[in-house]
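Presented below is the structure to which this report refers.
Keep in mind that what you see is a predicted model, and the values were worked out from it rather than measured. Letters go in sequence order (proteins before strands), and every chain restarts at 1.
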Protein chains: 2
Amino acid sequence: MSRLIKKGLYGKIKIEEWRDEILSEKEILHSSAPLPSVRRLPLYLTVLEEFEREGREWISTTDFSEVLFLKPIQVRKDLAHTGIIGKPKKGFKVDELIATINNFLGWNNLTDAFIVGAGALGSALLGYTGFQHHGLNIVAAFDVSPLVIGKIIHGKKVLPLEQLQDLGQRMKVRLGIITVPSEGAQNAADKLIEAGISGIWNFSPVKLHVPPNVVVQREDLSSGLAVLSVKLGRFD
Amino acid sequence: MSRLIKKGLYGKIKIEEWRDEILSEKEILHSSAPLPSVRRLPLYLTVLEEFEREGREWISTTDFSEVLFLKPIQVRKDLAHTGIIGKPKKGFKVDELIATINNFLGWNNLTDAFIVGAGALGSALLGYTGFQHHGLNIVAAFDVSPLVIGKIIHGKKVLPLEQLQDLGQRMKVRLGIITVPSEGAQNAADKLIEAGISGIWNFSPVKLHVPPNVVVQREDLSSGLAVLSVKLGRFD
DNA sequence: TATTTAAGGGTAAATTTTTATCTATACCCA
DNA sequence: TGGGTATAGATAAAAATTTACCCTTAAATA
């Protein structure tokens with residue numbers, strides 16, 4: 001079934017190409033695991049790592065359930081999608097489950113990434129060492145502002161945006177992280193795409209227009225805030 | 001149906017109280033709008049504000065659809081949850097729709113918030129002026145580290161954590177934002193709860209244990225990264 | 001060694017969310 | 001002024017996700 005989308009005009013950005021279909025997130029995912037399950041997997045990892053630190057060998061869905069306030073059945077279902085198989089009366093082997101989830105997420109080998117936008121948020125992400133743990137290796141930061149270009153932030157030099165394309169192609173960087181203000185977001189995306197990136201982690205509140213072979217993940221603080229606001233509203 | 005959750009032990013945190021039920025996010029929401037719809041509402045707001053700047057009076061679901069690559073029917077459904085009613089052949093009045101969505105989210109009046117954790121991420125959030133736009137007014141930051149206590153970050157002084165309870169009660173602050181490392185997250189939550197907070201925006205990758213009258217929204221970077229990783233995996 | 005029990009696994013049902021279809025309305029233009 | 005059309009609204013269908021149920025397995029225990 002073809003759902004054609006017309007050309008459009010969004011602000012100053014002209015949408016030049018026709019897109020055959022609006023793909024749902026699930027269709028982009030192309031994985032049998034439901035999106036909400038994928039989102040929960042990192043949660044299980046944090047519990048698993050806690051168990052590992054405590055030297056515990058086994059973990060059961062009820063263990064997860066008690067800690068995370070999730071229903072045991074849901075935990076079992078989520079874990080099943082990674083292909084792990086458990087043992088009655090015991091549960092899952094902690095180390096094996098960690099490896100299986102990390103493998104499912106591709107977090108056992110590092111993907112190089114660029115950050116575009118070395119402002120407050122960009123700097124914060126540069127400084128977050130935990131990403132290494134999640135398969136993410138931030139190799140450089142870019143900005144347009146002469147005020148930050150040349151600065152060293154958390155040991156990484158901020159480069160001028162013009163160098164992005166060349167460096168990206170030479171280093172075969174696969175991922176771009178956009179932490180610029182809304183106005184610059186589409187431009188940042190265009191530059192990343194020219195550099196041959198295949199995935200974008202977008203922290204700006206803008207829907208980016210990208211070719212179909214580039215995947216975009218919007219990390220939207222305002223979405224989270226919206227949910228919190230509606231939840232809070234109930235107690236007014 | 002009562003789904004009893006047993007007491008448990010998570011790391012050093014003992015879960016003291018029994019909880020009658022595991023409530024789903026939807027149950028906590030207590031709003032007829034589906035959670036994914038609520039998440040999309042801020043997206044519509046950004047488009048609406050763009051239209052407003054351009055001086056356009058009307059906006060239709062097809063306008064949204066073309067810009068956001070969402071299906072028109074979904075847009076209509078999402079907007080319907082806010083109670084707005086549109087006009088055939090025209091769509092919705094831009095200013096009216098902005099007001100309706102903001103009202104639905106409670107973003108037309110400010111909620112005071114504390115930030116606990118004045119590290120990289122906390123500082124970034126302190127510096128983000130856009131929150132005012134989303135009904136959020138960050139009034140103070142707290143930390144335990146003598147290295148940052150007393151510092152002025154984006155015009156706000158970082159206070160010692162011990163002052164949180166007293167200040168929170170006196171100022172009747174409703175919201176707490178947790179941007180401390182995992183180890184300190186539960187402690188930060190406990191302090192906020194003692195201060196009489198009713199909602200927590202949790203940026204740590206930890207499931208917080210809170211009384212039932214406190215709502216928690218986890219803003220989980222690793223969830224987003226997990227989805228992106230799985231999407232990217234498809235192109236390997 | 002038999003019995004009890006706390007898990008996991010698979011299938012099916014229920015629920016929630018998304019998408020489609022149909023109808024009515026109001027604008028536009030001849 | 002009347003017909004065509006774009007778009008909202010309502011209702012129904014489909015798809016995705018969550019939850020329940022039953023069965024099996026393996027460990028613990030008597």
Side-chain angles (χ1 to χ4, degrees), chain A residues 1-6 8 21-41 44 56-66 68-94 96-97 100 227, chain B residues 1-6 21-41 44 57-66 68-94 96-97 100 227:
Chain A
M1 183 181 323
S2 189
R3 297 159 294 200
L4 283 173
I5 304 308
K6 277 184 288 188
E21 295 195 50
I22 302 175
L23 297 174
S24 68
E25 283 229 288
K26 188 64 194 295
E27 286 169 304
I28 293 166
L29 204 62
H30 255 243
S31 149
S32 56
L35 208 58
S37 284
V38 174
R39 277 191 220 286
R40 280 187 294 267
L41 290 178
Y44 301 130
R56 300 170 71 166
E57 195 185 353
W58 295 91
I59 190 166
S60 70
T61 52
T62 37
D63 292 332
F64 282 116
S65 161
E66 287 170 13
L68 299 173
F69 292 136
L70 295 173
K71 286 155 200 169
I73 309 141
Q74 185 171 49
V75 175
R76 222 170 8 243
K77 261 295 171 98
D78 286 342
L79 298 181
H81 290 120
T82 68
I84 187 92
I85 55 171
K87 215 172 183 183
K89 192 95 177 190
K90 279 285 188 179
F92 306 87
K93 276 202 132 171
V94 170
E96 193 186 326
L97 186 49
T100 305
V227 175
Chain B
M1 182 183 324
S2 189
R3 296 161 296 201
L4 283 173
I5 305 308
K6 276 184 287 185
E21 296 196 49
I22 301 174
L23 296 174
S24 68
E25 282 229 289
K26 189 65 194 293
E27 286 169 305
I28 293 166
L29 205 60
H30 255 243
S31 150
S32 55
L35 210 59
S37 283
V38 174
R39 276 191 220 284
R40 281 188 294 268
L41 289 178
Y44 301 130
E57 196 184 352
W58 294 92
I59 190 165
S60 70
T61 51
T62 36
D63 292 332
F64 282 117
S65 160
E66 287 169 13
L68 299 173
F69 292 135
L70 296 172
K71 287 154 199 168
I73 309 141
Q74 185 172 49
V75 175
R76 215 162 21 238
K77 261 295 175 98
D78 286 343
L79 298 181
H81 288 120
T82 68
I84 188 91
I85 55 171
K87 217 171 180 181
K89 191 94 178 191
K90 278 284 188 177
F92 305 86
K93 278 201 131 172
V94 170
E96 193 185 325
L97 186 50
T100 305
V227 175

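- You'll find the side chain of A/S65 stays beyond 4.5 Å of the side chain of A/L70, heavy atoms only.
- Between B/L97 and B/F64 there is a side-chain heavy-atom pair separated by less than 4.5 Å.
- Under 4.0 angstrom from either OP1 or OP2 of C/dT18 there lies at least one side-chain N or O belonging to B/R40.
- Taking 4.0 angstrom as the limit, A/T62 places a side-chain polar atom (N or O) nearer than this to OP1 or OP2 of C/dA7.
- Atom CH2 of B/W58 is separated from atom P of D/dA8 by 10 Å (rounded to the nearest Å).
- Between A/Q74 and B/I84, it is B/I84 whose nearest contact on DNA chain D lies nearer the 5' terminus.
- Taking atom CZ of residue B/R76 and atom P of nucleotide D/dA10, one finds them 11 Å apart after rounding to whole Å.
- When rounded to the nearest whole Å, the span between NZ of B/K71 and P of C/dT17 equals 17 Å.
- Comparing C/dG8, D/dT18, D/dT17 by their closest approach to the side chain of A/L35 singles out D/dT17.
- OP1 and OP2 of C/dG8 both lie 4.0 Å or more from every side-chain N or O belonging to A/S60.
- Computed from coordinates, the B/L79 CG to D/dA10 P distance equals 14 Å when rounded to whole Å.
- Look at NZ on B/K77: it is 15 Å from P on D/dA14, rounded to the nearest Å.
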Side chain to side chain contact (heavy atoms under 4.5 Å, CB included) evaluation trace for A/Y44 with A/L68: CA-CA 8 Å; A/Y44 301 130; A/L68 299 173; 3.6 Å; yes

- request: Report, as a single string ordered 5' to 3', how protein heavy atoms within less than 4.0 Å touch nucleotides 23-30 of chain D: B base, S sugar-phosphate only, - not at all.
  value: --BSS---

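- Rounding to whole angstrom units, CZ of residue A/F92 and C1' of C/dG9 are separated by 9 Å.
- In this view, B/P36 and B/P34, B/R40 satisfy the side chain to side chain contact (heavy atoms under 4.5 Å, CB included) rule, not counting sequence neighbours.
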Please tabulate, one pair per line, all N/O donor-acceptor pairs under 3.5 Å involving side-chain atoms of residues 79-94 of chain A, not counting sequence neighbours.
| unit_1 | atom_1 | unit_2 | atom_2 | d |
| --- | --- | --- | --- | --- |
| A/H81 | ND1 | A/K77 | O | 3.1 |
| A/T82 | OG1 | A/L79 | O | 2.7 |
| A/K93 | NZ | A/E57 | OE2 | 3.4 |

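- The salt bridge (charged side-chain N to carboxylate O under 4.0 Å, His left out) check on B/R76 picks up nothing, with sequence neighbours excluded.
- Separating the CD1 atom of A/I73 from the P atom of D/dC21 is a distance of 9 Å, rounded to the nearest angstrom.
- Under the rule for a side chain to side chain donor-acceptor pair (under 3.5 Å), A/T100 has no partner lying at least two apart in sequence or in another chain.
- Nucleotide C/dT18 holds its C1' atom 10 Å from the CG atom of B/D78, rounded to whole Å.
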